[in-house]
Amino acid sequence: QVQLVESGGGLVQAGGSLRLSCAASGRTFSSYTMGWFRQAPGKEREFVAYISWSGRTAYADSVKGRFTISRDNAKNTAYMQMNSLKPEDTAVYYCAAKLGSGMITITTYNYWGQGTQVTVSS
């Protein structure tokens with residue numbers, strides 16, 4: 001069982017930056033692929049980025065070049081640095097975990113955090 005707690009969300013002006021954190025419980029964090037997803041009002045939850053247990057990363061086209069996902073296995077924490085934020089990045093951001101290789105498909109992730117709100121004003 002893995003429990004995930006996100007933090008770092010908030011209100012920021014367009015062009016600004018935020019860093020999200022996802023703290024995980026358990027002693028096998030290094031075995032999990034960690035993903036970030038987001039859900040805007042009235043829209044479906046969508047893939048943002050993942051970092052696999054081996055360090056391989058992938059990003060949605062909409063955030064490529066602006067967001068960077070990373071992990072610190074010693075701290076059981078995953079991060080997502082978000083730069084050059086746009087109003088369309090406004091959403092609740094969720095951290096998720098799965099065993100095995102990285103995937104962009106939401107249904108492959110077994111564990112989810114409660115989410116953290118990111119609001120980007122224009």
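Small disclaimer: the values here were computed from a predicted structure and weren't measured. Computed from heavy atoms alone, side chains included, the values below leave out hydrogens, waters and symmetry copies.
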Participant: By the definition side-chain contact (heavy atoms from CB on, under 4.5 Å), identify the one residue from I104, T105, I106 that meets it with F47.
Facilitator: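 It is I104; the other options fail the test.
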Participant: Testing the basics here: between Y32 and A97, what is the closest heavy-atom pair and its distance to 0.1 Å?
Facilitator: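 Answer, listing the atom of Y32 first, then A97: CD2-CB, 4.0 Å.
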Participant: Tell me whether W53 shares a hydrophobic cluster with V2, the cluster being built from Ile, Leu, Val, Met, Phe, Trp, Tyr side chains joined at under 4.5 Å.
Facilitator: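 Looking at the clustering, V2 is in a separate group from W53.
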Participant: What's the shortest heavy-atom distance between S17 and N83, and which atoms?
Facilitator: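 The pair with the smallest heavy-atom distance is OG-OD1, 2.9 Å.
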Participant: Just by distance, do the side chain of K75 and the backbone of A78 share a donor-acceptor pair under 3.5 Å?
Facilitator: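 The answer is no, because no donor-acceptor pair under 3.5 Å joins these two groups.
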Participant: Could you tell me the separation between the SG atom of C95 and the CD atom of Q114, rounded to the nearest 0.5 Å?
Facilitator: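 Output value for this atom pair is 11.5 Å.
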Participant: Where do V118 and L18 land on the side chain to side chain contact (heavy atoms under 4.5 Å, CB included) test, with the steps shown first?
Facilitator: CA-CA 9 Å; V118 171; L18 284 173; 3.9 Å; yes
Participant: With a 6.0 Å cut-off (strictly less than), is the heavy-atom count around CD of Q3, excluding the residue itself, greater than 12?
Facilitator: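 No, because the 6.0 Å sphere around CD of Q3 holds 12 heavy atoms or fewer from other groups.
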Participant: Same cluster or not: I51 versus V5, using hydrophobic residues (I, L, V, M, F, W, Y) connected whenever any side-chain heavy atoms lie under 4.5 Å apart?
Facilitator: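 As far as the 4.5 Å side-chain criterion goes, V5 and I51 are not connected within one cluster.
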Participant: Do R45 and Y94 meet the cation-pi criteria used here (NZ or CZ under 6.0 Å from the six-membered ring centre, within 45° of the axis)?
Facilitator: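 The answer is yes; both the distance and angle limits are met.
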Participant: Does Q117 reach the side chain of T90, with side-chain heavy atoms less than 4.5 Å apart?
Facilitator: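 Side chain of Q117 against side chain of T90, heavy atoms only: contact under 4.5 Å found.
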Participant: Report whether V12 and V48 are members of the same hydrophobic cluster (ILVMFWY, side-chain heavy atoms less than 4.5 Å apart, transitive linking).
Facilitator: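 Yes; V48 is reachable from V12 via cluster members.
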Participant: Is there a side chain to side chain contact (heavy atoms under 4.5 Å, CB included) between L4 and M34 once you walk through the steps?
Facilitator: CA-CA 10 Å; L4 305 173; M34 302 301 297; 3.9 Å; yes
Participant: Are L20 and I69 grouped together when hydrophobic residues (ILVMFWY) are joined by side-chain heavy atoms under 4.5 angstrom apart?
Facilitator: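 Yes, L20 and I69 fall within the same hydrophobic cluster.
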Participant: Locate the shortest heavy-atom distance separating M103 from Y109; write the atom from each residue and the value.
Facilitator: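 So the two residues come closest at O-OH, 2.5 Å.
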Participant: Rounded at 0.5 Å granularity, tell me how far OH in Y93 sits from OG1 in T116.
Facilitator: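 Answer rounded to 0.5 Å: 10.5 Å.
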Participant: Would you please say whether a donor-acceptor pair under 3.5 Å links the side chains of T77 and D72?
Facilitator: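 Absent: no donor and acceptor within the cut-off.
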Participant: Are the ring centres of F37 and W112 closer than 6.0 Å?
Facilitator: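 Ring-ring flag for F37/W112: true, centres closer than 6.0 Å.
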Participant: Report whether L85 and Y79 are members of the same hydrophobic cluster (ILVMFWY, side-chain heavy atoms less than 4.5 Å apart, transitive linking).
Facilitator: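 Each belongs to a different hydrophobic cluster.
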Participant: Taking atom NZ of K43 as the centre, does the number of heavy atoms from other residues, nucleotides or ligands within less than 6.0 Å exceed 12?
Facilitator: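 Not buried by this count: 12 neighbours or fewer within 6.0 Å.
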Participant: Could you check Y59 against R66 for side chain to side chain contact (heavy atoms under 4.5 Å, CB included), going step by step and ending with a plain yes or no?
Facilitator: CA-CA 10 Å; Y59 298 90; R66 300 187 298 122; over 6 Å; no
Participant: Is the shortest side-chain N to carboxylate O distance from D89 to K86 below 4.0 Å?
Facilitator: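 No.
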Participant: Looking only at side chains, do S52 and S54 share a donor and an acceptor under 3.5 Å apart?
Facilitator: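 A pair is found: one side chain offers a donor N or O, the other an acceptor, under 3.5 Å apart.
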Participant: Between R38 and S62, is a side chain to side chain contact (heavy atoms under 4.5 Å, CB included) present by the stated rule, with each step listed?
Facilitator: CA-CA 12 Å; R38 66 187 181 186; S62 59; 3.4 Å; yes
Participant: With rounding to the nearest 0.5 Å, note down the distance linking CE in M80 to OG1 in T68.
Facilitator: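 M80 CE to T68 OG1: 9.5 Å, rounded to 0.5 Å.
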Participant: For A14 and S122, work out which heavy atoms get closest and say how close.
Facilitator: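 That would be CB-CA, 4.4 Å.
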Participant: Does F29 have R71 sitting over its ring (NZ/CZ under 6.0 Å from centre, angle to axis within 45°)?
Facilitator: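 Flagged: R71 positioned over aromatic ring of F29.
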